[in-house]
Amino acid sequence: MSLYGRDFLSIQEWSTEELEQVLDLAADLKEKQQRREAHPILRGKTLGMIFQKSSTRTRVSFEVGMWQLGGQALFLSANDLQIGRGEPVKDTARVLSRYLDGIMIRTFSHAEVEELAAYADIPVINGLTDRLHPCQAMADLLTIREHKGSLKGLKMAYIGDGNNMVHSLMHGCAKFGMDISVATPTAYEPNAGIVAAAKQVAQGTGSRIELTQDVLEAAAGADVLYTDVWASMGMESEQVARQAVFKNYQINQQVLAAADKKAIVLHCLPAHRGEEITEDVLEGPQSVVFDEAENRLHVQKAVMALVMGE
Ligand code: CP
Ligand code: NVA
């Protein structure tokens, strides 16, 4: 099944088989990289990386991933592009399509990424929007599969803000038949449209998607505990108010004790210790956050190889 030329904007838009192809290729490329075996699948190809928001993992893993695949990557800060001075996205898309073989974009508006993809005739990969973070969720699924052997039938508990991260995790869990229980404060639930779409997929795969305000209920028996910052990029002005609203939405020893004994703890990072997760849990034996960060590299290499490789 060829994925050549496809955009990767949302997990929801790819089938389970296509997503499985990503995880399998990621595992294969990871092994090759560990053996230092060359795999120049994208020799001579160039990825443009547009950043409207800060990044450590996304920038470095895409850039290094492109090198490891034999191609190259260009870091394009939106502040320096004409897009930052008002050049339309639709013009930027068509111009960049004449130079590049693929675009990765991290920005605020998901609609802007969809417009970029509609006008570009090269693949566009979503490196995070206010709505979704699909590359992170795919790295998370790879990490869970490595630690647990398989995905189907596992339970994830997500604790915190109903944000871009949990949206992509709900998509991913639904596609792979994993249960997900999401605990958020009232009024901070995930987007209702995304929940409904994920539930529809879940009906076909046997996964259960639950929303609750009760952290311990979500965590009960979970195989995977997941959290993310209380205030995402772009919400800095709400940071202080959110600290009060979210203070009980934390992964700590009590929450860990409610989960399965062999539960693993994930966080997309960067983490705010003492807010959404305690230092002892983040640094503890059940935390796999650095395996998870590493897997951004392998999963994104697989996505790029599949959509940009002929
Ligand atoms: N998890 C993640 O996307 O990290 P960065 O913001 O550092 O890219
Ligand atoms: N929800 C976070 C994820 C960061 C990787 C944010 O959007 O800032």
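Remember, it's 1-based here, ligands and their atoms both numbered in the order they're listed. Just so you know, residue 1 is the first one in the sequence shown, and it goes up from there.
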query: Should P270 be counted as touching ligand 1, given the test is an N or O pair under 3.5 Å?
result: no

message: Does Y119, at its OH atom, have more than 12 non-hydrogen atoms belonging to other residues, nucleotides or ligands within less than 6.0 Å?
response: no

Ligand 2 to [X] polar contact by distance, N or O atoms, under 3.5 Å:
X	answer
M165	no
N164	yes
D228	yes
S232	yes

- line: Near L269 (heavy-atom distance under 4.0 Å), the atoms of ligand 1 are 1 (N), 2 (C), 4 (O)

- prompt: Looking at the rings of Y249 and W230, which for Trp means the six-membered one, are their centres under 6.0 Å apart?
  reply: no

task: Return the residue, atom name and 0.1 Å-rounded distance of the protein heavy atom closest to atom 6 (O) of ligand 1.
output: R106 NH1, 2.8 Å

statement: If you scan protein heavy atoms around atom 7 (O) of ligand 1, the nearest is T56 N, 2.6 Å

- prompt: At a 4.0 Å threshold, what atoms of ligand 2 neighbour a non-hydrogen atom of L269?
  reply: 5 (C)

statement: M233 heavy atoms within 4.0 Å reach ligand 2 at atoms 6 (C), 7 (O), 8 (O)

- prompt: Do L81 and L96 belong to the same hydrophobic cluster, where Ile, Leu, Val, Met, Phe, Trp and Tyr are linked whenever their side-chain heavy atoms lie under 4.5 Å apart, directly or via other members?
  reply: yes

Using heavy atoms and a 4.0 Å limit, tell me yes or no: is [X] in contact with ligand 1?
X	answer
R59	no
K53	no
L128	no

- prompt: Looking at R6 and E13, does any basic side-chain N land under 4.0 Å from a carboxylate oxygen?
  reply: no

- request: Decide, yes or no, whether a salt bridge links R242 with D161 under the criterion of side-chain N to carboxylate O below 4.0 Å.
  value: yes

